[in-house]
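What you see below is based on every heavy atom in this structure, not just the backbone, and it leaves out hydrogens, waters and symmetry mates.
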Amino acid sequence: MRKGLILLQFSLCVGFCQQDLSVAAPIVPLLKIEEIKVHETAGAGEGEAHFLVTLPEQLRGRHIRIQVDRSVCSGKVKINGEVMDQENLDDVFRFDRSNSLMLSGCLERKAELVKLLAYPKVFISEAKARLDLRKSVLEVEVRVQNTLLNSISCSLTIWDHNEDFLIGPETSQTRSFSVRLKGKRADALTLELYKYPESMEGAYRQIQSLIPTRIQP
């Protein structure tokens, strides 16, 4: 009985020692493309549409883009009274108060005249794939955008295939490659972008779904 107790204590000690020596792997966050709510308000002026936008704190440090239905509103876009003619709105919106947004040259009032989207600073900006069943090959083209002021490294994964990217400051890189099916179904794909840590940002992941088109025989 005494010997069994000694063995039990020894095994517990070994277990605790192993637990203390092990280092947990860092958790890499998954960043999604998020739509920011835009609230329409009453405003003066013919052909104008007015909105209020409040950015949540958790989106600080994201890349902000605006999408305007130009078939309806072809005029200027003003944010907080200033005319905007740029795509990058990272430093335009304020987080400590509501922001005003105005569209001009609008022919009518309808839903979804404007969208605001919050992206990671490094993200998949475009992706397309073609499925060639005759060759059992998936042809993929992906563009990754880097909006940071320094170069970054990232890796894109599709199934068991990896593509590495080294992208300069405030630029994008397009990569085309082929992936063998090897019996895998390609009705819907999952692209996973892993952005490596560097001086301005830590590591994170972005996941995007993609439905390939079929190459006709």
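Here the straight-line distance linking atom CG of N146 with atom OG1 of T171 works out to 8.0 Å at 0.5 Å rounding. Note that the CD1 atom of I207 and the CG atom of L30 stand 5.0 Å from one another [nearest 0.5 Å]. Atom CG of D90 is separated from atom CZ of R60 by 12.5 Å, given to the nearest 0.5 angstrom. Once rounded to the nearest 0.5 Å, the distance linking CD of E57 with CG of L55 reads 9.5 Å. From S104, atom OG reaches atom CD of E46 across 12.0 Å, with rounding to the nearest 0.5 Å. Summarising the geometry, atom NZ belonging to K76 is positioned 9.0 Å from atom CE belonging to M102; distances are rounded to the nearest 0.5 Å.
With contacts defined as side-chain heavy-atom distances shorter than 4.5 Å, the pair S178/L138 does not qualify. Contact of the I167 side chain with the C154 side chain is registered, since non-hydrogen atoms from C-beta on lie closer than 4.5 Å. V140 has its side chain out of reach of E163: every pair of non-hydrogen atoms, C-beta onward, lies at least 4.5 Å apart. Between V137 and L181 the shortest side-chain heavy-atom distance does not fall below 4.5 Å. L103 places a side-chain heavy atom less than 4.5 Å from the side chain of V114. A 4.5 Å side-chain heavy-atom check between F93 and L116 finds at least one atom pair inside the cut-off. Here the side chains of L149 and K121 are not in contact, with every heavy-atom distance at 4.5 Å or above. When side chains are defined from C-beta on, T157 does not count as touching L191, because their heavy atoms never get closer than 4.5 Å.
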Taking it one step at a time, do I64 and I36 satisfy side-chain contact (heavy atoms from CB on, under 4.5 Å)? CA-CA 9 Å; I64 309 297; I36 302 167; 3.9 Å; yes
Is there a side-chain contact (heavy atoms from CB on, under 4.5 Å) between I152 and F165 once you walk through the steps? CA-CA 8 Å; I152 61 95; F165 291 75; 5.8 Å; no
List the steps and the verdict of side-chain contact (heavy atoms from CB on, under 4.5 Å) for V179 and W159. CA-CA 9 Å; V179 181; W159 293 326; 3.7 Å; yes
List the steps and the verdict of side chain to side chain donor-acceptor pair (under 3.5 Å) for R65 and Q67. CA-CA 7 Å; R65 283 188 171 184; Q67 295 179 356; over 6 Å; no
Between R143 and S125, is the side chain to side chain donor-acceptor pair (under 3.5 Å) condition met? List the steps. CA-CA 6 Å; R143 184 170 72 214; S125 60; 3.1 Å; yes
Passes side-chain contact (heavy atoms from CB on, under 4.5 Å), N99 versus T54? Steps please. CA-CA 6 Å; N99 300 268; T54 301; 6.0 Å; no
Trace of the side chain to side chain donor-acceptor pair (under 3.5 Å) decision for N150 with E198: CA-CA 9 Å; N150 58 296; E198 36 69 41; 2.8 Å; yes
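Residue D91 places its CG atom among 12 or fewer non-hydrogen atoms of other residues, nucleotides or ligands, all under 6.0 Å distant. The local environment of NZ in K32 is sparse, with at most 12 non-hydrogen atoms from other residues, nucleotides or ligands closer than 6.0 Å.
Both M84 and L101 sit in one connected hydrophobic cluster of ILVMFWY residues. Membership requires side-chain heavy atoms under 4.5 Å apart, directly or through other members. L117 and L113 fall into different hydrophobic clusters, where Ile, Leu, Val, Met, Phe, Trp and Tyr side chains are chained together by heavy-atom contacts under 4.5 Å. By the criterion of side-chain heavy atoms lying less than 4.5 angstrom apart, applied directly or through intervening Ile, Leu, Val, Met, Phe, Trp or Tyr residues, V144 is grouped together with F177 in one hydrophobic cluster. At a threshold of 4.5 Å between side-chain heavy atoms, the hydrophobic network of Ile, Leu, Val, Met, Phe, Trp and Tyr places L59 and F51 in one connected group. Hydrophobic clustering (side-chain heavy atoms under 4.5 Å, transitive across Ile, Leu, Val, Met, Phe, Trp, Tyr) keeps L156 apart from F123.
Between E141 and R175, none of the side-chain N atoms (NZ, or NE/NH1/NH2) sits under 4.0 Å from a carboxylate O, so this pair counts as no salt bridge. Ion pairing between R214 and D132 fails under the 4.0 Å rule for side-chain N and carboxylate O. Under the 4.0 Å criterion applied to side-chain N and carboxylate O atoms, E192 and R205 are assigned as salt-bridge partners.
Partners of F95 by ring pair (Phe, Tyr, Trp, His ring centres under 6.0 Å), not counting sequence neighbours: none found. Partners of H39 under the ring pair (Phe, Tyr, Trp, His ring centres under 6.0 Å) rule, at least two apart in sequence or in another chain, do not exist in this structure.
What you find for S98 and N80 is that their closest heavy atoms are O-OD1, 4.4 Å. When all heavy atoms of T147 and E170 are compared, the pair lying nearest together is O-CG, 3.9 Å. The minimum heavy-atom distance linking P212 with L210 is given by the pair CD-O, 3.7 Å. A pairwise comparison of heavy atoms in A203 and P197 identifies CB-CD, 3.6 Å as the closest pair. The shortest non-hydrogen separation linking Y196 to S155 is OH-CB, 3.8 Å. Considering every non-hydrogen atom in both A127 and Q208, the closest pair reads CB-NE2, 4.0 Å.
A distance-only check finds a donor-acceptor pair linking the side chain of K195 to the backbone of G202 [under 3.5 Å]. In this structure, the side chain of Y204 engages the main chain of V122 through a donor-acceptor pair within 3.5 Å.
The side-chain tip of R62 does not point at the ring of Y119 from less than 6.0 angstrom away and within 45° of straight on.
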